[in-house]
Amino acid sequence: MTQLRTNEFIAPPECPVFEPSWEEFADPFTYINKIRPIAEKTGICKVRPPKGWQPPFACDVDSLHFTPRIQRLNELEAQTRVKLNFLDQIAKFWELQGCTLKIPHVERKILDLYQLNKLVNNERGFDAVCRERRWSKIALKMGFAPGKAIGSHLRSHYERILYPYNLFQTGANLLKPTLTNDTKDTDYIPHDLPQRQSVQPLETCSIARRAKRMRAEVGCMKTVTEEDCENRPNLRRRMGSYVAKPEPQAGKLCPLAKLSLCLSPQVDQYMCLVCGSGSEENRLLLCDGCDDSYHTFCLIPPLHDVPKGDWRCPKCLAQECCKPQVAFGFEQAGRDYSLRTFGDMADSFKSDYFNMPVHMVPTELVEKEFWRLVSTIEEDVTVEYGADIASKEFGSGFPIRGGRFQVSPEDEDYLSSGWNLNNMPVMDSSVLTHITADICGMKLPWLYVGMCFSSFCWHIEDHWSYSINYLHWGEPKTWYGVPGYAAEKLEWVMRKLAPELFESQPDLLHQLVTIMNPNTLMNHGVPVYRTNQCSGEFVITFPRAYHSGFNQGFNFAEAVNFCTMDWMPMGRMCVDHYRQLNRYCVFSHDEMVCKMASKADTTMDVALASAVQRDMTVMLQEEDKLRDKVSKMGVQRSQQAEYDLLPDEERQCSKCRTTCYLSALTCPCSPGQLVCLHHAHDLCSCTSSKLTLNYRFTMAELYPMMEAVTLRAESYTYWVSHVSDILEAKQDKKKLRSLVVEAEVKRFPQSDLLRQLRTVTLDAEKCAVVAQQLLIGKRQTRYRSGGRKSQSQNLLTVEELRSFVRQLHNLPCSIRQAPLLKDLLTRVDDFQQSSEQLLYDEAPSPAALQGLLDVSLGLDVELPQLALLRERLEQARWLDGVKGASVRPHSLCLDTMRRLIDQGVGLAPHGSVERAMARLQELLTMSEHWEERALRLMEARPRHCVETLVEALQEVASIPAYLPNCLLLKDTVDQAKDWLQEAETLQLGGRIPVLDTLTELVSRAKAIPVWLDPLARLDSLVFDVQAWKESAAKTFLMKNSTYSLLEVLCPRCEAGTGPQKSKYKRAKDAAQCSERNSARLDCLSDVERALSESKDSASAMATLAEVRQKEMESLLALRASNESKLLLAGDCGALRVCVCHKAPSGAMLQCELCRDAFHRSCVLGSNQDPLPNQAWVCPQCQLSEKPPLDRVLPLLASLQRIRVRLPEGDALRFLIERTVRWQHRVQQASAEVGQGVAHQCIPLQGLSPELEELMVEGFLLQVTLPETQQLYRSLLIKLDPRHHHHTDTCPKKEAVNGKRTKRHMEEEGSERKDKAKKPRKKKPKLNKERSQEAKGTCSPTATHSDLSLSDSDEDFTLCAAPWCREPEGKQVNWVQCDGSCQQWFHQVCVGVSAEQAEKEDYICISCTQPDHTRE
């Protein structure tokens, strides 16, 4: 059967958990007294010992055997037990009628018959509910949904099952009831609670801890022997288990029982009790309860057949159903357990129940399942609990002196520890130490061995004492506690919700057999707290604090009681409460007080003496009143009784069961019985004169005892009074300190008053110190920036200062600094008012904020406005920084914006800050966008044109920020515009650009990330120039030559420079030359600079002519120097010649150019030995390969097409012009060769200055010319006729045909092609006459010597080139200038191929250089 669905269990709030330090843990009673103000508000608390406090487990695991209690969980809960009792009564009623009770189902759940019966009774019974049609209302109250006709089903079930029982309870005469069951109904198995009562534990102690539980009184039993049954075979007894039946108690029979007994009290054993006849024995029915006989036809209604089940006569039915409920208790288990076997059973139960290892089951799950099980009647879960095991018999879990457990030396401190539960009850601070008897559970610990779900029910400790529980090991124990002030509230709630239980057991809550769901109690206003006690933890319960709980699994705990001096008033209240409940006392409170008073003059603590004095005053006043009352009753007899020598059982009041000590009344008519003076009228019916007053002390003896206690506590009382007076009047704080010193010297107890006095004294001293510090400024000052204070300093807040000023006024002493502190408070108030006004301003200035913060430096108080002021100061400074950066946009870079934003993020939120942040963030976003875009524009491939970048710059111009990339973009655009302008000027200027200018322009253009249209053309032009220079270098420079192309082509500035002059030296010379006057041409760098700076070719040619003149002068001087050196040297050993600078030795070679002598070994490999009729030039004078002129002329022609001026080009042009002029001079000088020449040795010597200059210049030319060797041989032959024999017989012919021979050799070596004809598209070829005329009139190369004659049949035509080579052959190709001169040139003379002449226009050098005039 299920009850109404309840909500899931909600755990109550946690109780306080304390973790004392080692110093606090040293004295348990001091610490408990310290935490009592907090812990007693929740009733229970948990104490975790300091880490390292782990007492050894001293109990012998193998020898400990115990018999646990059996606990059926759903019988523990009060409301569930009421339902079970009701269902058992219903089942028993129907069982006695021969029927089996089955619980019906409604809406797929078992019907709650108890609730249904209760609701119907509340509605004034079955008839009233039917008459007023309230079954639907009852269905709603039971939780069924409306509109499903549930009410009719409930009526049917009530009428079928409960209505006959309720009619029987009213005493109505019923017809034989019948019980029909549905096949879906559930069989109900009775719990038979009265048949399973607890077996009382053995009382191994002299005084039992708990009050004895109610025992059922056993009446007269009527026994039917087995022989009687055998002699009456026709009688049927269906219930063989009922052998002995108790008689009903007198005065407690229900109406039916009385009716049945009145029928015939004296009936024959074999006669029908109705008709009185013994006939028709086969119709005679024997009752299975009392063995009375009834005819089946005499019953009302008559029975047609003998019942198949057990049958009860009307008398037995009335007796069984009207029996009072027996007090509920726990059964003892049928087996004995050791600690190991119980643990195995407990672990097996838990793991099987939850289907997981015991250590993995969450405590929350166990808690919810426990409260579910105790609240259901469908599931019967039974557990066992080893509770109240006496440690005196089996040994404590803590080590004790003289025990069987051997304590190691490092654990000996646990023997005397105050937290050892064997020591705590008997310590000097515990009141129980004055009780001589050993009380199991109170002075001697009890042991508890638990398993999962085993529980301890709601209860309070005996005499409302403290209790302490220590969990030695095992799984946690869950506790629930109710504070002492709510004890009566809990009792009222339980009586209200389960009144049936309290009717049979008024002291039910003292029996530890009933629990109730904490949620139910909390719903009725009872405060409940919980905790989980783990191993190694203490749980303390406070006076009159109800507590209960259950075990999470197998564990071992130990508990004991203790009482402190603050408990004594509560203990006396408990005795009065027990007297009202007629409950046994565990010990006599009055006896304990008197024993404490007897020791007042020796060892009693003054605090305890004060507490005893107060309690004893109440005791004596009450005793005096009671004795006076008894005396007024007429009791005259009295005698002294040694009640402290009697056991408690012999001096208990027969009425209230209170243990008597000071006095009691006895009567001779009732030996062995006595009553306390509170129940003087309840002893017997005798007159008061027969009663005897038994007393332990006379009043005259009691008052001196109290006087002794008073004297002991007098000093403390006087001190307390003095302290109270001091605290009420304002006096000097020194008096407060003297009272504290007095309490310490006299060892007064650590009472609340002493603590208050110490607190007040300490506060007064602290106030004086703090006031002095606040006034003289000795406290640490704040930091200058923003008024911050040291983190290690704790300043008073304004409210604390205000409270501090009030505290100074309220202190029971005067502080001279109070007025000054009041002034400080006034200044603080002014500061706060100014702060509020400044903080209200939307944009306060940093100076004002800083000034206010500076004012706060003089206020040594924790000002709450300081944080806001510092925030606003930071905000104001930041806003100023933002404003200043915005005013100077040229310095507002991205890093500055990011830094400002980062600083702004750390600021407290404010409207002005957020607006500035928004503007700054927007500016940063825009700036970053344009910075990235500008970078992309400059890095774009292909590059953007200038117009695109200008458009972007127009958009950027409106951004007030410093943007490096955008500025770089602007510079780039400016550079591009400047470059385009320069390029345009260069192209439109009409001058041929210089290479350096062009190269510098191209290099600058490549560095500009902009698309420049002229760049490709100019770059191609530079490339062509570089290609030309490479071609020229290959033509002129020797392999691995150390000379540059310009150095080879230009006339030498200094004669005699050779390879031995290193590049480093030449570079040094160049550097030196650069420092000289620009007009001087002393080195190659000067010449190169002059050529680069020349405006046109004419100036360049003039410069080179000047250099040529210097070259000729320096070389002629060198020749003269070398010749004189060789001729004038008398001692050849001192002479230094050759590249090795050594003396001449062996056959020497003399250079025809520099006239210096050289060793053959030194110059071997530089030049071969001179061939016959050929001049030999030293390596220093041999600068280049000296290519033939026909290889040089194309270079000049290609350079003319490129239309770029460069120093090398000017030098090449000068070289060609110099060569042509030299050729003309050679032709003119041919006729003069041999005039005035004396015979000299080789090399040539004795030449005229003109011939020598001509010969030297021929050797200086970097072009191979046949005229050079022809001139040299001619001079050689003329100077030395002996050379004629080694040559042809016709020297003239050889000389004349030399050029032709050379031409033919070149043609054969190069496999000359067929000569191309003159291009057809050009103008017609000039006729011979015109050519001769032009040649005779215009050609500068016309000669009158035979050296220029040709033996071929080729037409003699005139070429306009000044360096005409006069080509020979059957067909000579010509080309006409397409410029302004319209002159004709040999293609070979101007370096133009036939293909180029056919496809391209040709412009001669004269037309390309209009400003150049030929020398």
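In this chain, numbering begins with 1 at the start of the sequence shown.
In this structure, the ring of Trp1028 has its center no less than 6.0 angstrom from the ring center of Phe1023.
Within 6.0 Å of the CD atom in Glu765, the count of heavy atoms belonging to other residues, nucleotides or ligands exceeds 12. Atom CH2 of Trp1011 sits in a sparse spot, with 12 or fewer heavy atoms from other residues, nucleotides or ligands closer than 6.0 Å.
A tilted orientation is assigned to the rings of Trp53 and Phe538, their planes being inclined by 30° to 60°.
Glu931 places a side-chain N or O within 3.5 Å of a backbone atom of Cys966 that can act as its donor or acceptor partner. Lys46 contributes a side-chain N or O that, together with a main-chain N or O of Asn532, makes up a donor-acceptor pair within less than 3.5 Å. Panel note: side chain Glu947, backbone Glu951; no donor-acceptor pair is recorded below 3.5 Å. Judged by distance alone, the side chain of Arg943 and the main-chain N or O of Ile1008 form a donor-acceptor pair under 3.5 Å. With hydrogens and angles disregarded, a donor-acceptor distance shorter than 3.5 Å links the side chain of Asn519 to the backbone of Ile10. The backbone N or O of Ile44 lies less than 3.5 Å from a partner atom in the side chain of Thr42, making a donor-acceptor pair. Panel note: side chain Thr826, backbone Lys822; a donor-acceptor pair is recorded below 3.5 Å. In this structure a side-chain-to-backbone donor-acceptor pair under 3.5 Å is missing from Glu914 to Gly911.
A pairwise comparison of heavy atoms in Thr972 and Met938 identifies OG1-SD, 3.9 Å as the closest pair. Nearest heavy atom pair, residue Tyr962 against residue Pro964, reads O-CD, 3.5 Å. When all heavy atoms of Glu40 and Pro483 are compared, the closest pair comes out as O-CB, 3.7 Å. Of all the heavy atoms in Leu839 and Arg872, the pair that sits closest is O-NH1, 3.0 Å. Nearest approach of Met917 to Ile901, heavy atoms of both residues: CE-O, 3.8 Å. What you find for Gly904 and Trp878 is that their closest heavy atoms are N-NE1, 3.4 Å.
One finds no salt bridge joining Asp1024 and Lys1029 here, because no Lys/Arg side-chain nitrogen approaches an Asp/Glu carboxylate oxygen to under 4.0 Å. A salt bridge links Lys1006 and Asp1019; the closest N-O separation between the charged side-chain nitrogens and carboxylate oxygens is under 4.0 Å. Ion pairing between a basic and an acidic side chain is recognised when a charged N comes within 4.0 Å of a carboxylate O; Arg898 and Asp895 show such pairing. Ion pairing between Arg870 and Glu874 fails under the 4.0 Å rule for side-chain N and carboxylate O.
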Applying side-chain hydrogen bond (donor to acceptor under 3.5 Å, both in side chains), run through Gln850 and Asp854 and close with a yes or a no.
CA-CA 6 Å; Gln850 185 62 53; Asp854 292 339; 3.0 Å; yes
I would like to know whether Phe18 and Arg48 meet side-chain contact (heavy atoms from CB on, under 4.5 Å); could you show each step before the answer?
CA-CA 6 Å; Phe18 300 97; Arg48 290 195 183 105; over 6 Å; no
Checking Glu364 against Lys368 for the salt bridge (Lys or Arg N to Asp or Glu O under 4.0 Å) test, could you report, in this order, the C-alpha distance in whole Å, the side-chain angles of both residues, the deciding distance, and whether it holds?
CA-CA 6 Å; Glu364 297 82 1; Lys368 292 180 179 181; over 6 Å; no
Does the side-chain contact (heavy atoms from CB on, under 4.5 Å) test come out yes or no for Asn965 and Leu963, once each step is laid out?
CA-CA 6 Å; Asn965 291 345; Leu963 306 177; 6.0 Å; no
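You'll find the side chain of Leu868 stays beyond 4.5 Å of the side chain of Ser835, heavy atoms only.
With Cys45 as reference, Ile35 is the one residue of Val17, Ile35, Val539 to meet the side-chain contact (heavy atoms from CB on, under 4.5 Å) rule.
When only modelled atom types and interatomic distance are considered, Gln975 and Asp971 share no side-chain donor-acceptor pair under 3.5 Å.
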